[in-house]
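None of these values were measured; they are calculated from a predicted model. Counting convention: from 1, in listed order, for ligands and their atoms alike.
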Amino acid sequence: MALQRLIASGIGRKLLVALTGLGLVGFLVTHVAGNMNLYLPAKDGQPAINTYADQLHHLPGFFFLELGLAVMFIAHILLTIGLVLSNRAAKGSRYAVNATKQERGGVLAGRTMAISGIVVLVFLVVHISDFRLQREAIEGAGGLEASLLAKLAVPWRAALYVVGSILVCFHMTHGVASAFRSLGIAHEKYTPMIEKTGYVLGIVIGLDFASIPVYALIQGGGA
Ligand code: HEM
């Protein structure tokens, strides 16, 4: 099968990591924009974020959007781990013997990526079980705004959300440019522009996400 052949080849895996990564950037842009409804005034007695979530859940084909998102997340994570392991296997013996300063720097960057990857995974597991898996309970008990503010006012969770959001977006600042390179889109004039866009996007999205637990702490758990 074509997909099997793509996954089996190193270049194919790189392409899939790039495409799923860019898809996830699209998700994060819409997710953070939706979350910003928390700061909008209530309308017809309903917090703006509750109305937004309600409309989102009633979109036609919403189930398939969620399914596609889950497949994209899982594929991106597994393919990235596969790429890191095969790169490491290819370079392993050289590091052990005569590693240059640059190569040792690469090992350090790789370790930092591995640790931040684990923190992001812990964040995602906690996050999905906090909100996605509690959707019915949240709707039955005061709605999304009340639950967001109450959960994120718990200090350990607020800290995990701030660190998790910043790490995801730091990852994105590097990922956007490298995804375009993997797709073979490199141009003297446009590559620096793509790199800058990745940085700005990562910083803006990271700060917007991280502002939410800070806001919940300031509100003391209630609006
Ligand atoms: C502090 C920042 C964040 C807040 C307050 C937040 C809030 C939420 C809420 C309320 C939901 C449930 C929405 C619903 O029921 O439809 C949700 C779902 C989700 N969030 Fe976040 N989120 C944050 C950051 C992130 C980040 C950084 C990521 C990505 C790494 C992420 C990934 C997801 C995913 C994958 C879902 C499940 C989507 C679905 O299946 O419908 N979130 N988030």
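Scanning the protein for heavy atoms near atom 14 (C) of ligand 1, the closest one is H57 NE2, 3.2 Å. For atom 2 (C) of ligand 1, the closest non-hydrogen atom on the protein side is F209 CD2, 3.3 Å. The protein atom (non-hydrogen) at minimum distance from atom 40 (O) of ligand 1 is E66 OE2, 2.7 Å. For atom 37 (C) of ligand 1, the closest non-hydrogen atom on the protein side is I128 CD1, 3.8 Å. Closest to atom 35 (C) of ligand 1 among all protein heavy atoms lies F73 CE1, 3.6 Å. Among protein heavy atoms, the minimum distance from atom 38 (C) of ligand 1 is reached at L69 CD2, 3.9 Å. Protein heavy atom in closest approach to atom 11 (C) of ligand 1: F131 CB, 3.7 Å. When hydrogens are left out, the protein atom nearest atom 29 (C) of ligand 1 is L28 CD2, 3.5 Å; that is the closest non-hydrogen contact.
Aromatic ring pairs are classed by plane angle as parallel below 30°, tilted from 30° to 60° and perpendicular above 60°; the pair F123 and Y161 is perpendicular.
Counting only heavy atoms from C-beta outward, the side chains of S86 and R13 approach each other to under 4.5 Å.
When the N, O or S atoms of H31 are ranked by distance to atom 21 (Fe) of ligand 1, NE2 comes first.
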Handout entry: Derivation and outcome, ring-ring contact (aromatic ring centres under 6.0 Å, His included), residues H174 and F170
Key = CA-CA 7 Å; H174 288 74; F170 173 75; 4.7 Å; yes
Practice task
Check the pair V126 / W156 against side-chain contact (heavy atoms from CB on, under 4.5 Å), numbers first and verdict last.
Solution key: CA-CA 11 Å; V126 172; W156 72 262; 4.2 Å; yes
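Neither the backbone nor the side chain of I138 has any atom closer than 4.0 Å to an atom of ligand 1 (non-hydrogen atoms only). Contacts of P213 with ligand 1, taken as heavy-atom pairs under 4.0 Å, involve the side chain alone. When non-hydrogen atoms are compared, ligand 1 lies under 4.0 Å from neither the backbone nor the side chain of V120. Counting heavy atoms under 4.0 Å from ligand 1, residue V32 does not touch it at all.
Here the OG1 atom belonging to T51 is positioned 8.0 Å from the CG atom belonging to N37, to the nearest 0.5 angstrom. Atom-to-atom distance recorded for L59:CG and L65:CG is 7.0 Å, nearest 0.5 angstrom.
In summary, the atoms of ligand 1 found under 4.0 Å from a heavy atom of I212, numbered by their order in the structure, are 5 (C).
Within the structure, the closest approach of S165 to ligand 1 falls below 4.0 Å when heavy atoms are considered.
Heavy atoms only, all atoms of each residue included: A53 and L144 are closest at CB-CD2, 3.8 Å. Considering every non-hydrogen atom in both T173 and I203, the closest pair reads CG2-N, 4.3 Å.
Checked against the 6.0 Å centroid criterion, the rings of F131 and H127 qualify as a close aromatic pair. Aromatic rings of Y39 and Y215 (six-membered ring for Trp) have centroids within the 6.0 Å cut-off, being under it.
For ligand 1, the polar-atom distance check finds an N/O of H127 within less than 3.5 Å of one of the ligand's N/O atoms.
At a distance under 4.0 Å, a protein heavy atom can be found next to atom 7 (C) of ligand 1.
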